[in-house]
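Numbering of ligands and ligand atoms starts at 1, following listing order. These numbers come from a predicted model, not from an experiment.
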Amino acid sequence: MKTKLLSGSAEDISAAAELIKKGYVVGIPTETVYGLGADALNEQAVRAVFAAKCRPADNPLIVHIADFSQAIKYAKNIPDLAYTLAEKFCPGPLTMILQKRDIIPSVTSGGLDTVGIRVPSHDVMHKIIVESGCPIAAPSANLSGLPSPTCAEHVMDDMDNRIVAVLDGGSSEFGVESTVISFEGKDTVRILRPGAVTQEMLLEVCREVLIDPAVLKELEAEQVAASPGMKYIHYSPKANVIVVEGDTNAFKNFISHQNGKNVYSLIYDRESKGFEYNHMTYGNTSEEQAHLLFQRLRELDEAGAETVYVRPPSKEGVGLAVYNRLIRAAGFEVIRV
Ligand code: AMP
Ligand code: MG
């Protein structure tokens, strides 16, 4: 099946919605990363999503809806706090884990009795949900394990001949996947996966915002992941990625001892001047780093990088999301200099 590239025209948006309604899988833009969209209520379509990206069957899909008022169709016992959060953060990059209703097939929820619900803000994605009339299950549109796609071309690189179509809606605004939270008690949430809705932002509404241990470190063999996706090696390019903690000078000194033409560094823009070794940069602020990280990991592969030493982001704000993706891309290989 040759994958068709659709534009963001009204006609092509309707075509994408029609394909999803008919049970096909389509690559679609969102404000976080590109997704592989399918009708969340159609078991066969959802199975095709898992197959297209070779995703383990126990890693649940997030269900995207047009407005949080529709969450009640797919979830039950929705806490008041979820509605308060929705008022502030929906539409946007926040996924709430809720108790699922039977209408959500178990293949969509990876066998769990909960479902992740999100209301995306991307205009094209919103139109596709409305026009298709379906809640849309959409995991990131990469092959499982690879960096998430932040533009239509990345989706084509991974999915050409695997799905019917990809809709080009431009480059993803945030560049990292949504913040995933679960509810604990009346006014407490737990961040299972950090994203652009940060702990600080959630604290404006919640009394307590816990950060799941799996966010910042590898789970022990016997630990159960609250978010199944967090137990898999993820976001990894072909190159061997290693996070190097330390300041600019210590990093430079360390790199000066790592030779070889396929050794690269991924550093901040402001460190590039006079940096005499192979490198790419990924912005200065955490927002820029979120926007650029996955793209740079793909570009480093294209450049033939075999080993990539990375200057990690701050863990503040959206930096926590960048750090979370980076240590997974590195298979948790972190060295301190
Ligand atoms: P992706 O679809 O690639 O953005 O990944 C979705 C993430 O959300 C994965 O880490 C999933 O494990 C997580 N997720 C989705 N649904 C649930 C759920 N019901 N409970 C816990 N985590 C979930
Ligand atoms: Mg993913």
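Within the 4.5 Å cutoff, side-chain heavy atoms of Met201 are placed close to those of Phe89. Counting heavy atoms from C-beta outward, Phe251 and Phe275 have side chains that approach closer than 4.5 Å. With contacts defined as side-chain heavy-atom distances shorter than 4.5 Å, the pair Ser265/Arg311 does not qualify.
The shortest non-hydrogen separation linking Val46 to Ala137 is CG2-CB, 4.5 Å.
Ligand 1 lies within reach of Arg55, whose nearest heavy atom is under 4.0 Å from it. Residue-ligand proximity: Pro228 is placed with a non-hydrogen atom under 4.0 Å from ligand 1. Remark: distances from the non-hydrogen atoms of Ala226 to ligand 1 include one below 4.0 Å.
Applying the side chain to side chain donor-acceptor pair (under 3.5 Å) definition to pairs two or more places apart or across chains, those involving residues 73-87 are Asn77-Gln99.
Those atoms of ligand 1 with a heavy atom of Leu112 less than 4.0 angstrom away are 18 (C), 19 (N), 20 (N). Each of the following atoms of ligand 1 lies closer than 4.0 Å to a heavy atom of Ser140: 1 (P), 2 (O), 3 (O). Short contacts between ligand 1 and Arg193, defined as distances under 4.0 Å to a heavy atom of the residue, involve ligand atoms 1 (P), 4 (O), 5 (O), 6 (C), 7 (C).
Heavy-atom neighbours of Gln44 CD from other residues, nucleotides or ligands within 6.0 Å: at or below the threshold of 12.
Protein heavy atom in closest approach to atom 18 (C) of ligand 1: Ile97 CD1, 3.5 Å. Annotation: atom 22 (N) of ligand 1 to nearest protein heavy atom, Ser227 OG, 3.4 Å. When hydrogens are left out, the protein atom nearest atom 11 (C) of ligand 1 is Asn59 OD1, 3.2 Å; that is the closest non-hydrogen contact. When hydrogens are left out, the protein atom nearest atom 14 (N) of ligand 1 is Pro60 CG, 3.8 Å; that is the closest non-hydrogen contact. Looking only at protein heavy atoms, the nearest one to atom 19 (N) of ligand 1 is Thr114 OG1, 3.0 Å. The protein heavy atom nearest to atom 12 (O) of ligand 1 is Gly229 N, 2.7 Å. At the top of the distance list for atom 2 (O) of ligand 1, counting protein heavy atoms only, stands Pro139 CA, 3.0 Å.
The closest side-chain donor-acceptor pair between Glu177 and Ser148 falls under 3.5 angstrom. Looking only at atom types and distance, the side chain of Ser178 has no donor-acceptor partner in the side chain of Thr32 under 3.5 Å away. The closest side-chain donor-acceptor pair between Thr248 and Glu271 falls under 3.5 angstrom.
Around the Mg ion (ligand 2), the protein atoms of type N, O or S found under 2.8 Å away are Ser140 OG, listed by chain and number.
Of the charged side-chain nitrogens involved, none lies within less than 4.0 Å of a carboxylate oxygen, so that Lys4 and Asp12 do not count as a salt-bridged pair. The pair Glu302-Arg298 does not meet the salt-bridge criterion, since no charged nitrogen lies less than 4.0 angstrom from a carboxylate oxygen.
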| request: Show your reasoning for whether side chain to side chain donor-acceptor pair (under 3.5 Å) applies to Thr150 and Gln295. | output: CA-CA 7 Å; Thr150 54; Gln295 180 183 334; 4.7 Å; no
